[in-house]
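Here the structure is a predicted model, which means the values were calculated and not measured.
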Amino acid sequence: MKEVYESVGWTKHTEEVIQQVFEASNVITLVFCDGRIVGFGRALSDGVFNAAIYDVVVHRDFQGHGIGKAIVEDLLDQLQHISCVHLIATVGNEPFYQQAGFKKVKTAMGRYRSRDLAQEYLEGDGKR
C-alpha cells in the first residue's frame with residue numbers, strides 16, 4: 001500500500017500511518033493484480049446517516065483502466081443505505097468524482113492544520 005501511495009506522490013504515509021488509518025476505517029476496498037495491491041479506497045461511516053470517502057488511490061502504472069471507478073463504485077455500493085456520502089477530491093480530480101455522481105456541496109467547510117493544504121483547498125485567503 002505504501003508503494004501505491006508513493007507512486008502518486010503521497011510520500012508522508014508511513015507503514016504505521018497506513019495501518020492506523022485503515023484500521024480506523026469501517027469500509028474498505030482493495031484491488032489486487034497478480035497478488036499485489038494496485039489500488040484501494042476507504043471510508044468512515046456512522047452506519048446510518050453519514051459517510052466520508054478517503055484515499056481513493058490507484059498505482060500510477062495501473063491508472064486509466066477503470067480501477068479508480070470500480071473502487072468508488074464498490075465503496076458506494078457498501079454505503080448504499082447511507083443518506084449522505086461526502087469526499088474531498090484532490091485538486092484536479094473533481095471531474096472524476098462528478099462522473100460518479102458527486103456534486104459540489106453548498107455549505108461544505110473545512111479546516112486544515114497545514115498552511116499548504118489550507119491554501120490548496122480552502123477558499124479565500126487559505127487561513128485556518
Side-chain angles (χ1 to χ4, degrees):
M1 294 177 93
K2 186 171 190 261
E3 180 183 332
V4 175
Y5 278 117
E6 289 176 348
S7 78
V8 297
W10 295 14
T11 58
K12 294 182 179 179
H13 289 67
T14 64
E15 291 175 12
E16 294 78 16
V17 166
I18 294 167
Q19 181 176 350
Q20 182 178 353
V21 298
F22 274 84
E23 284 178 354
S25 300
N26 57 348
V27 179
I28 297 170
T29 298
L30 301 172
V31 177
F32 293 85
C33 181
D34 296 327
R36 169 184 168 201
I37 294 175
V38 298
F40 46 79
R42 63 187 186 89
L44 301 174
S45 176
D46 62 18
V48 179
F49 298 111
N50 295 288
I53 293 176
Y54 298 98
D55 295 2
V56 175
V57 185
V58 176
H59 192 288
R60 182 168 307 283
D61 296 344
F62 291 84
Q63 292 179 1
H65 301 288
I67 294 171
K69 179 180 179 184
I71 291 169
V72 172
E73 288 174 353
D74 187 68
L75 291 170
L76 290 173
D77 186 54
Q78 293 182 66
L79 297 166
Q80 65 183 323
H81 59 283
I82 304 300
S83 60
C84 180
V85 179
H86 290 104
L87 65 81
I88 297 175
T90 49
V91 173
N93 287 323
E94 298 90 344
F96 171 80
Y97 293 104
Q98 288 169 337
Q99 290 176 0
F102 286 89
K103 298 185 183 300
K104 289 191 176 189
V105 179
K106 293 178 184 178
T107 60
M109 302 183 92
R111 182 175 169 175
Y112 291 87
R113 296 183 77 178
S114 161
R115 182 173 298 282
D116 290 341
L117 289 176
Q119 289 175 341
E120 185 171 358
Y121 288 102
L122 298 179
E123 292 181 353
D125 61 8
K127 292 184 178 177
R128 299 189 256 172

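Between Val57 and Met1, every side-chain heavy-atom pair lies at or beyond the 4.5 Å cut-off.
Hydrophobic clustering of Ile, Leu, Val, Met, Phe, Trp and Tyr side chains at less than 4.5 Å, counting indirect connections, keeps Tyr112 apart from Val105. Trp10 is connected to Leu30 through a chain of hydrophobic side-chain contacts under 4.5 Å among Ile, Leu, Val, Met, Phe, Trp and Tyr, so both are in one cluster. In the hydrophobic clustering of ILVMFWY residues, with side-chain heavy atoms under 4.5 Å counting as a link, Phe102 and Val27 come out together. Cluster membership for Val38 and Val58, using ILVMFWY side-chain heavy atoms within less than 4.5 angstrom, is shared. Both Ile28 and Ile18 belong to a single network of hydrophobic side chains, linked directly or stepwise wherever heavy atoms of I, L, V, M, F, W or Y lie under 4.5 Å apart.
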Indicate every side-chain donor-acceptor pair of residues 65-75 with a distance under 3.5 Å to a residue at least two apart or in another chain.
unit_1: Asp74; atom_1: OD2; unit_2: Thr29; atom_2: OG1; d: 2.6
unit_1: Asp74; atom_1: OD2; unit_2: Gln78; atom_2: NE2; d: 2.8

Donor-acceptor pairs under 3.5 angstrom involving side-chain atoms of residues 81-97: please list them, not counting sequence neighbours.
unit_1: Ser83; atom_1: OG; unit_2: Phe49; atom_2: O; d: 3.0
unit_1: Thr90; atom_1: OG1; unit_2: Asn93; atom_2: ND2; d: 2.5
unit_1: Glu94; atom_1: OE1; unit_2: Gly92; atom_2: N; d: 2.9

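The side chain to side chain contact (heavy atoms under 4.5 Å, CB included) search around Asp77 returns Gln80, not counting sequence neighbours. Take Glu3 and apply the salt bridge (charged side-chain N to carboxylate O under 4.0 Å, His left out) test, not counting sequence neighbours, and it matches Arg36.
Classification of the Phe22-Tyr5 ring pair by plane angle, with boundaries at 30° and 60°, yields perpendicular.
Across all non-hydrogen atoms, the minimal contact from Phe40 to Ile37 is CD2-CG2, 3.8 Å.
Here CD1 of Ile53 is found 11.5 Å from OG of Ser25. Values are rounded to the nearest 0.5 Å. Distance check: Asn50 CG to Leu44 CG gives 11.5 Å after rounding to the nearest 0.5 Å.
For the salt bridge (Lys or Arg N to Asp or Glu O under 4.0 Å) condition, the pairs that include at least one residue of residues 38-61, sequence neighbours left out, are Arg42-Asp55. Pairs of residues two or more places apart, or lying in two chains, that qualify as salt bridge (Lys or Arg N to Asp or Glu O under 4.0 Å) and include a residue from residues 6-29 are Lys2-Glu6.
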